[in-house]
Each structure stands twice: as structure tokens, then as C-alpha cells.
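Any value given below was found using the heavy atoms of this structure, including those in side chains, with hydrogens, waters and symmetry copies removed. Chain A is the first sequence line, chain B the second, and so forth, proteins listed ahead of strands; every chain is numbered from 1.
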Number of protein chains: 2
Amino acid sequence: MLLFHFDICQYVLMTTPPLSACCPALLDHPLDEEQAEELTRLLKALADPVRLRLLSMVAAAPTGEICACELPSRLGRSQATISHHLSLLVRAGVLVREQRGKWAWFRILPEQFEAIREALAVPAAVSQG
Amino acid sequence: MLLFHFDICQYVLMTTPPLSACCPALLDHPLDEEQAEELTRLLKALADPVRLRLLSMVAAAPTGEICACELPSRLGRSQATISHHLSLLVRAGVLVREQRGKWAWFRILPEQFEAIREALAVPAAVSQG
DNA sequence: GTAGCATATCGATATCCATCGAAGGGAGTG
DNA sequence: CACTCCCTTCGATGGATATCGATATGCTAC
């Protein structure tokens, strides 16, 4: 029985993107410190108004990508600040950066969003109170 | 046509919990500053390892609720710190507090979790790149 | 009322982080 | 090469916040 469960887990680990399986569902089992830190890192990356607006602008761009050059004026922040937020989001795995000539272009990497959504899913036992 | 759309929105507003409709989907349209601040407030409330573990302990409790009295020892934080985190989560709308005698009991309020999940949903246009 | 426990609040501290100006690094242009 | 433009990195600063000890509040029991 234990072996069977282990095999299932191995299978899931091999067939799903590793970032999607970042953390177990928050409301299913008590998280240990390491799991909590991991999910916290993801949530902190999103928990900033400038970064949220930045992500929504990238996603809403007609081509699905956006040039960093237009962001300082659209967000009312200095170029240094925008660069800071962009590299933070790339490090967090929610954006990818591509250099083209002297411009840097960014687009959404959707896996981490799905990972957070899965981690925050409310199990039936909880939603029934 | 516009009227019809308006009526649908009114209907949704009346029939869903107001907190669930806190913010539009992040990756569907560019967020304005106010919408970004609102979603940020929710995400910040979750973006702390102690609070995440606290929430997972409440959800995993057999009765779906937990007494504040057992949390300082289980989380390795002072009583003052736990109290701070608990009141923050209540203010954020993810926990409800109920006083019973001298003990305070807490349980999960699932609406905000669903609100965040909806806000972070990845539209097909984005996930296809 | 008094004593004792559970919880909240206060005040202080240390750390984290968003922000910006300035300087540095690369890529294109002439 | 020199010059310009885009972007990153550095250093400094102000504000937010996690933490705790001490104190206050509130409830129960006697």
C-alpha cells in the first residue's frame, strides 16, 4: 500500500512540470516550515501593486509580450525600479526575459500561477465548514 | 446590448459574496492602481510562512476550527506574535474568530481563497503563448 | 471582589524592501 | 573609436513589518 502510493507520487513528479508541484495544497494538510517558506516566496513575488500591474500589462499586450522600455512611463516609476521588479519576477519564474538588440522583452510563464491556484484550492471539507 | 451586459453584472454582484468579486482577473485586462492595491492586500496577508502554517493548521483541525491557545507552542512563536498574525488574517477576511469563554477559536473563511484563485486564473490566450 | 489564565495591545527593535539617483555594462550607429 | 540608448547594478534612504517583553483587558471560578 505504501509502495503503491510512492509509485503514484513518482509518476506525478515525472509527468508534471516541476514548478507546478512546488507546494502541497495549503488547506489539505499542515505545512511544515520548508513548504511554507516555498509558497511564501511565490506569494511575495506577486504581493506588490507595481508587479501586479506589470504582469497584467504583459498579459494584455496584443502579442503576449511587452518591451521594458514602455513600462516606466506607464507605471509612473523610475527605470531602475521597473528593472528591479522585472528581474524579481523573472527570478520567481512568472516572467521570461528575451533580449532583442538593445531592448528587453518579457512574457508570462503561466506554470507558477497554476501552482499557486492549486496550493490555494479549498477542499470540500473546509468549504462545508 | 450594453443594458443586457449591465444587468448580468448586477445579477452577479447580488448573488455572489462581495469579497469573492474583489478584483478582476489579473491576466485578462490591465489592472488600475486601485485594483492592484486591493489584490496586493489579499496576497500580502497570505505571504508569510507563519500565517500559511497557521491557516493550514486551522484547515487540518478535525473540527475545522482551532483554539489560539495551542498555536504559540506549535509554531514556535510568542503569544503576542501569534495574536498579531491571527488578527491580521481576520482583518483580511480569511479567518473568523469566535470567543468561547476565555478561549478564542478560529476557522477558515473560504471566499477569499476562491477570490485569489479567480484573480490568478490564466486565460487561454496567455497559456498558449 | 479577588485570583488566575487567555488574549490583545503597546513600545521597541531589527530586518526587509520599494524607491531613486548615479554609475556601469552592452548593443547598435556613425 | 566615440556616441547614444537601454538596461542592470550599486548605495542610500524611508517606510513597512515580524518579533518579543511588558502591560492591559477580559473572562471564569472561587
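Within residues 71-83 of chain A, the residues approached by DNA chain D to less than 4.0 Å at the level of any non-hydrogen atom are A:Gln79, A:Ala80, A:Ser83, in residue-number order.
Distance CZ (B:Arg53) to C1' (D:dT19): 16 Å, rounded to an integer number of Å. Across the protein-nucleic acid pair, B:Glu98 atom CD and D:dC27 atom C1' stand 15 Å apart, rounded to whole Å. Between B:Arg51 atom CZ and D:dT19 atom C1' the separation is 12 Å, expressed in whole Å. Distance B:Glu37 CD to C:dA18 P: 13 Å, rounded to the nearest Å. For the pair A:Leu88 CG and C:dC17 P, the computed distance is 9 Å after rounding to whole Å. The nearest whole Å value for the distance from the CH2 atom in A:Trp105 to the C1' atom in D:dC7 is 15 Å. The CZ-C1' distance, from B:Arg91 to C:dA8, rounds to 12 Å in whole Å. If you measure from atom CD of A:Glu70 to atom C1' of D:dC5, you get 17 Å, rounded to the nearest angstrom.
Taking only side-chain atoms of A:Val50, from C-beta outward, the nucleotide of C:dT7, C:dT19, D:dC7 with the closest atom is C:dT19.
Close to C:dA8, at under 4.0 Å from its OP1 or OP2, lies no side-chain N or O of B:His84. Phosphate contact (OP1/OP2 of C:dA27, side-chain N/O of A:Arg100, threshold under 4.0 Å): absent.
Between A:Ala104 and A:Lys44, the residue anchored nearer the 5' end of DNA chain D, judged by the nucleotide with its closest heavy atom, is A:Ala104. Mapping A:Lys102 and A:Asp48 onto DNA chain C via the closest heavy atom, the residue that lands nearer the 5' end is A:Asp48.
Between A:Leu86 and A:Leu71 the shortest side-chain heavy-atom distance falls below 4.5 Å. Counting heavy atoms from C-beta outward, A:Val94 and A:Arg51 have side chains that stay 4.5 Å or more apart.
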Enumerate, atom names and distances included, each donor-acceptor pair closer than 3.5 Å involving a side-chain atom of residues 27-35 of chain B, sequence neighbours excluded.
{"from": "B:Asp32", "atom 1": "OD1", "to": "B:Glu34", "atom 2": "N", "distance (Å)": "3.1"}
{"from": "B:Asp32", "atom 1": "OD1", "to": "B:Gln35", "atom 2": "N", "distance (Å)": "2.8"}
{"from": "B:Gln35", "atom 1": "OE1", "to": "B:Asp32", "atom 2": "N", "distance (Å)": "3.0"}

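Between the side chain of A:Arg74 and the backbone N or O of A:Leu54, no donor-acceptor pair lies under 3.5 Å.
Under the 4.5 Å side-chain contact rule for hydrophobic residues, A:Val90 and B:Leu26 share a cluster. Each of A:Leu120 and B:Leu88 belongs to its own hydrophobic cluster when Ile, Leu, Val, Met, Phe, Trp and Tyr are linked at side-chain heavy-atom distances under 4.5 angstrom.
Across all their heavy atoms, A:Ala92 and A:Leu42 have their closest contact at O-CD2, 4.2 Å.
Nucleic acid contact class of A:His85 (heavy atoms, under 4.0 Å, all strands): sugar-phosphate only.
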